[in-house]
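Side-chain atoms are counted along with the backbone in the values below, which use heavy atoms only and exclude waters and symmetry mates. Just so you know, these numbers come straight off a predicted model, no measurement behind them.
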Amino acid sequence: MLLKTSRRLINCVVIMPQSSRRTRYQPEKIERKWQKTWQEQAVFEAPENTEQTKRYLLVEFPYPSGDGLHVGHVRSYSAIDALARYSRLKGFAVLYPIGWDAFGLPTENYAIKTGVHPRQATDTNIATFRKQMKSLGLSFDWSREIDTTDPNYYKWTQWIFLQLYKKGLAYQATIPINWCPKDKIGLANEEVIGGKCERCGTPVTRRLQKQWMLKITAYADRLLKDLDTVDYLKKIKTQQVNWIGRSEGAEIQFKIQNSKGRIKVLLATSNPSKVERVKKLLAKYLPEVSVVTPAEAGLPTVDVTEESNLVENARRKAKAYFGKTDLPILGTDTGLFIDGEMIDPAQVKRNALRGRSEKDLAPKEIGQAILDFYKTIVERQPAGVAGYWIDALVLITPDGRETQSQSRRDIILTRKPHEKIDWHFPLRSLYRVKATGRYPYDQTAAEEFIELKPYSDALCQLLSPAIPVFTTRPDTIFGATYLVVAPEHEIIQNLKFKIQNFGEVEKYIEKATKKSDLDRTDLAKEKTGVELKGVKAINPANNEEIPIWVADYVLLSYGTGAIMAVPAHDERDYEFAKKYGLPIRQVVAPYFTKNAEDKDALRPNKKTVKRKTAYALVYSKKKNAFLCLDWEKYDWRSGIIGGVDEGESYEEAARREIREETGYLNLKFVKNLGGEQHNHFFTTHKDENRYAYGQGMLFELVDETREPVSDEHTKHHTAVWIEKAKMGEWLNLASFKYIWEAYVSDSNCYTGEGVVCNSGPYNGLSSNEAIGKMAKAFGAPAVQYKLRDWVFSRQHYWGEPIPIIHCPEHGPVPVPEDQLPVELPYVKKYQPTDTGESPLAGIKKWVNTKCPICQKPAKRETDTMPNWAGSSWYYLRFCDPHNPTVFADRKKLDHWLPVDIYNGGMEHTTLHLLYSRFWHKFLYDQGLVPHPEPYRRRHSHGIVLAEDGRKMSKSFGNVINPDDLVKQYGADSLRIYEMFMGPFEDTIPWSTQGLIGVRRFLDKVWDSQKKIGKQTDAATEKLLHQTFQKVSHDLETFKFNTAVSALMIFINHLGQAGEISSSDFTAFLRILSPFAPHLAEELWAQHGGKGLAAVAGWPTTDERFLHDAEIEIIIQVNGKMRDRVTVSAEASEDEVTKQTLSREKIRKSLSGQQPKKIIYVKGKIINLVVPNV
RNA sequence: GCCGCGGUGGUGGAACUGGUAUACACGCAGGACUUAAAAUCCUGUGGGGGCAACCCCAUGAGAGUUCGAUUCUCUCCCGCGGCACCA
């Protein structure tokens, strides 16, 4: 109450002009008036049929929350508004639109809590926002206002989704999602705060759920590359680059080692001749596989003699074998089995054609459709399925025709269901089938089996798969001493029958997958894992058998979900290997050489001599110090170094050198330090280049027993004991710095580049050369991205329904475009269902519909789209917001696109920007938009913190409400203050005092009316033109704060000394109007401005005022400012020098000396250099 | 840990391309007006020394390059933002 009263008191004072000597302006009297005028005259509607150059300025459209406009919004809108108004004055045709990104969770949560329908809440919030924005006098083109929750808008959001679907870029996949076990609801990543549910704080777990996905990864490469073509703030680009996370390396296959008879498979036939043939083939080509017949496995024999009853046979087999045996099943004659599920071949074809008639399609298209359909079936399978043994009933011939194929078959296999599959393979094999007119297993001829190698390869892969591994360091492959696979990796399930400790492995997997993300990152820093006993992989570089481990430090979602572990050169692998006692083999040696400037730098014309060298650190416990050498002829400070003689080991050489150079005799070898290292430098005393390669070692001094050291040794260096604490500083040779590092960190892991060693024929290559060569030799160069596909499903009510209908027969079918939009039904309950489905699932009337293909009962998709959907293309709709027939008319898009300047919060610079760039590129590929990139330039404004430096938040009670500020100080003050507070991109705390300062400035502007006279005085005129220049430049470069300061400087000057003509005064009003549009407009009207200041044009700078006839030269002595001298602008260097030297002050500074050197920078500075002053 | 950005008065910040460090604003101090307060106006305001002219020091710390460094290079410290076992 008290607060309110005092505030009112302040208001009263503000309003009473008689109480102040300076006249003050009254914003509340003028602002509303001009806002009305602008609206009535439609001055801010984007002109389309003009000759003017267009400029499209865009601010992120807000989410109309219940809290109303935030001062952070105002910061962005005012600044870009200043730019928009400036651009109009400059003569551009400006599009500066606004709308509402209104779908989203807060509104839905509010609805759940209060029972107010989201539609109604949204409308209320929008009305508030609109009113607030209008009260600020923002020059938006309100005729183009859009709302993402308007069916006329989201019709096109849905339409774009369907285009993505039709191009195979939208698909369904079962993936782990964040799940709140208390609320029983799936959570988006944004709703998970610190591993906990945003609403109730329950720790989030993972749960598999079928979700719609968008294949943004297909655009990863272009999203990255095209960043070169746009002008974004550097940090925004970096964020995008990091998010996409491209890394180059190699994919390498590690085969699983097999041994005879280790794998047993069930042969799904009892036909004796077939059993015999298969056994014979397997014995020859896959000896590790042995076959069990159903009879041997105690399973019933299924009679499949009648080929005409194919489907029935398949069904019977499936019933008899699948799920009843824990052996993998090898081949059947009939039907189409996918992981035990029997699929009716006729149905396959029908589904594949998706309601299109066979007659309308070319044979090739039919073939492709069927193949595509197989893909979707296979890819739909959850992870962990062994592979797919499909007896295809449809064959495609080389010319693409479909043939009768009941007795033929094909194998379609996949390594990993959700990963890319070499779909070329089955087709190619089929060609061969056609060529020979036979198919594999009925023919026993070995050649034919070989000729049909893809089959045998595929079979091998199914039964003894390889593990693909991605690495950025193929040069370290000889050091790969074990493999690690992610707990969810399918290979583990595939190898189920080989893994001896499968129980233990399963337990580990269960524990690992149950861990939430929180546990996996924050807590479980200590690496854990279990070896897959009974299976080994083959290192393709050296054919060594290496163990395979499962560990959760390897992530399924990156690369291939498996790694080759190189403990010697990767810290994570090193840590793991140390813990579990796995072998560590060094294959890259660090390579040290000297810079060209150094006196030990290599001399190219000298020969290089190789020398095996021992590097020893000797530690004395008693002294807590190390035995070192201080070199006489060189600036070297090292440990003990010495060449290794013929027949000597490193240790022997080290012991000998220690004795010879320091005399110490009793030493204990402790361990190697840092492995092999290479040093390449020039030796002055030998006049040759030396290539010293060798091993660092740690010894401990046992006792002081010592023999005398010969003069020959002491003349080169002195033996000294250096305290442990000083060693790091003291050592200065790269070789020993490296050894010391290894000692201190107690790690022999070296992750840098160097020279390849212990790698057979590759020894001696630099790691860079080796990366290329080894990648090709043992695998294939490959590129990986961190970017994942976009999870596009939300189980919420308040979002765009995904326009898909699920038909039991035809699968997912797109809603025909003429039936869009699929409108959100009106409901009373928004709570999610127990099953984690969207609340829409409960609305039977809406869910149940007809299949667009067969008209039989079908169900609507109940998931809705995420918030990001509507905002991924809104800038397109602004070009043509009311078009009922297309999302935007192409001509209008051609006219307005791309967005010239786009501003928004830093929080949207990764996801939103990436998503909308992705959609835009997709639309570009479809020929629907004119450019590959939507935004030419992107800026981000900094956050406005509360006055106390914390985030503004209701709970802290430190929120600043723009409405109060407008009421108390006027919209113009608020707008200018938000620009003046600091650099646009910086986070800055709010300061109401600062705002008051700006208000004083506006009062001064108002007051300066009385300075209007007949003529502008010279100084004022000059400053005015300089201000035109400065303000223009600063606006273009987003330096709003200094633009405002330039205006203040001018007004300060005018208030103190100046006189100004009426026309110059109104010229000032024009440059003021982007910042304080209301005040400028009012004064403009009062002082005879024609029309509106908002469209009055930008004053031209008279260049004459930017250059002075006389300039001031700064005089420095030794770089320090001592005096200044005014000379004519054309003055020559000699003249300036003469004048400078004649000055009393300078002569005093020089104290009689003559300058040794004089540096003159034209028109700026003259610097006199004297030896000592 | 990695990547990016930054560190300038009591405070927000300014300084073009290496050339007068601290513009503009807030705050503070003193003064004017006023019975008084507010408002407004004037003056001062990085630190130290000096009666003064003027001098010295200062852009996170330390080094380097340069006639001259807030600006460029290296090392370190601190803060912010992003990513986080990314193979």
Side-chain angles (χ1 to χ4, degrees), chain A residues 9-10 12-14 16 19-24 233-239 241-243 245-247 249 469-473 476 484 517 520-522 524-525 527 551-555 557-566 569-573 575-576 784-787 906-907 909-910 942-943 977 980-983 985-998 1000-1001 1003-1004 1007 1033 1039 1041-1049 1052 1055-1056 1112-1124 1145 1148-1149 1155-1161 1164-1170:
Chain A
L9 263 172
I10 291 165
C12 287
V13 172
V14 166
M16 289 190 288
S19 67
S20 111
R21 234 194 263 165
R22 200 167 71 191
T23 52
R24 308 197 65 196
L233 283 185
K234 202 180 145 202
K235 66 172 164 185
I236 299 177
K237 271 195 193 180
T238 323
Q239 265 185 35
V241 169
N242 290 345
W243 193 264
R246 182 191 151 99
S247 50
V469 148
F470 176 73
T471 178
T472 52
R473 292 293 301 271
T476 63
V484 186
D517 281 349
R520 244 169 124 161
T521 53
D522 288 356
K525 279 289 167 206
K527 292 180 179 34
D552 66 2
Y553 82 91
V554 170
L555 310 171
S557 55
Y558 185 76
T560 59
I563 60 155
M564 63 177 210
V566 185
H569 304 289
D570 182 285
E571 274 168 28
R572 296 152 299 178
D573 299 341
E575 190 192 323
F576 192 78
Q784 277 293 337
Y785 297 93
K786 280 191 225 174
L787 185 69
M906 219 36 224
E907 69 275 21
T909 48
T910 38
I943 300 165
Y977 170 63
F980 184 60
M981 65 198 310
E985 316 79 57
D986 286 12
T987 298
I988 291 173
W990 178 263
S991 159
T992 301
Q993 274 306 329
L995 174 64
I996 290 170
V998 167
R1000 281 183 203 143
F1001 160 67
D1003 283 331
K1004 282 189 210 169
D1007 196 51
H1033 175 263
K1039 294 182 164 181
N1041 53 337
T1042 51
V1044 173
S1045 121
L1047 295 171
M1048 287 174 168
I1049 290 171
N1052 286 347
Q1056 290 199 332
E1112 197 176 58
I1113 303 286
I1114 300 302
I1115 305 171
Q1116 293 183 336
V1117 175
N1118 284 347
K1120 275 180 189 158
M1121 206 274 276
R1122 279 297 119 98
D1123 198 6
R1124 56 193 80 198
K1145 220 170 159 184
K1148 235 166 105 186
S1149 285
K1156 202 172 77 183
K1157 199 172 167 190
I1158 298 175
I1159 287 138
Y1160 177 63
V1161 182
K1164 274 186 184 160
I1165 209 159
I1166 181 161
N1167 190 9
L1168 310 174
V1169 186
V1170 282

Watson-Crick or G-U wobble mate for [N], both contacts under 3.5 Å:
| N | value |
| --- | --- |
| B:rU34 | none |
| B:rC5 | B:rG79 |
| B:rA87 | none |
| B:rG27 | B:rU45 |

Report the distance from atom [atom1] of [X] to atom [atom2] of [N], rounded to the nearest whole Å.
| X | N | atom1 | atom2 | answer |
| --- | --- | --- | --- | --- |
| A:Q239 | B:rA84 | CD | P | 12 Å |
| A:K237 | B:rC3 | NZ | C1' | 17 Å |
| A:N242 | B:rA84 | CG | C1' | 11 Å |
| A:H1033 | B:rA15 | NE2 | P | 10 Å |
| A:K1157 | B:rU66 | NZ | P | 10 Å |
| A:N1118 | B:rC56 | CG | C1' | 15 Å |
| A:H569 | B:rC85 | NE2 | P | 23 Å |
| A:I1158 | B:rG68 | CD1 | P | 16 Å |

Margin query: Nearest heavy atom decides the nucleotide; on that basis, is A:D573 or A:W243 closer to the 5' end of RNA chain B?
Written below: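 Of the two residues, A:W243 wins.
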[N] to [M] separation - [atom1] atoms, rounded to the nearest Å:
| N | M | atom1 | answer |
| --- | --- | --- | --- |
| B:rC26 | B:rC78 | C1' | 26 Å |
| B:rG27 | B:rC80 | C1' | 26 Å |
| B:rG60 | B:rC5 | C1' | 16 Å |
| B:rU45 | B:rU11 | C1' | 14 Å |
| B:rC28 | B:rC16 | C1' | 33 Å |
| B:rC24 | B:rC77 | P | 38 Å |
| B:rU17 | B:rU66 | P | 24 Å |
| B:rC72 | B:rC2 | C1' | 25 Å |

Check: Can you find a donor-acceptor N/O pair under 3.5 angstrom joining the side chain of A:K234 to the base of B:rC5?
Finding: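 Checked by distance alone, the answer is no.
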Notebook entry, point to check: Which heavy atom of A:T476 sits nearest a heavy atom of A:M564, and at what distance?
Noted result: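 In this case the closest contact between A:T476 and A:M564 is OG1-CE, 3.7 Å.
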Next item on the list: Locate the shortest heavy-atom distance separating A:A565 from A:V484; write the atom from each residue and the value.
Entry: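 For A:A565 versus A:V484, the nearest heavy atoms are CB-CG2, 4.3 Å.
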Margin query: For A:I1158, is the CD1 atom crowded, meaning more than 12 foreign heavy atoms sit under 6.0 Å from it?
Written below: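 Check passes, neighbour count above 12.
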Item checked: Flag if over 12 foreign heavy atoms under 6.0 Å of CD, A:E985 ->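 Result for CD/A:E985: enclosed.
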Margin query: Return the CD1 to CD distance between A:I1165 and A:Q1116, rounded to the nearest 0.5 Å.
Written below: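 The distance works out to 3.5 Å.
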Notebook entry, point to check: Quick one: is B:rC54 close enough that its OP1 or OP2 comes under 4.0 Å of any side-chain N or O from A:R1122?
Noted result: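 Negative; the distance criterion is not met.
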Regarding [X], tell me which of base, sugar-phosphate or nothing describes its non-hydrogen contacts under 4.0 Å with the strands shown.
| X | answer |
| --- | --- |
| A:S557 | nothing |
| A:E907 | nothing |
| A:P983 | sugar-phosphate |

Item checked: Assigned glycosidic conformation for B:rG9 [threshold 90° from 0] ->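 Chi for B:rG9 falls in the syn range.
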Check: Do the ring planes of A:Y977 and A:W990 sit parallel (below 30°), tilted (30 to 60°) or perpendicular (above 60°)?
Finding: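 Geometry flag for A:W990 against A:Y977: perpendicular rings.
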Item checked: Where protein sits on nucleotides 19-30 of chain B, one letter per nucleotide: B base, S sugar-phosphate only, - none, heavy atoms under 4.0 Å -> BB--BBSSS---
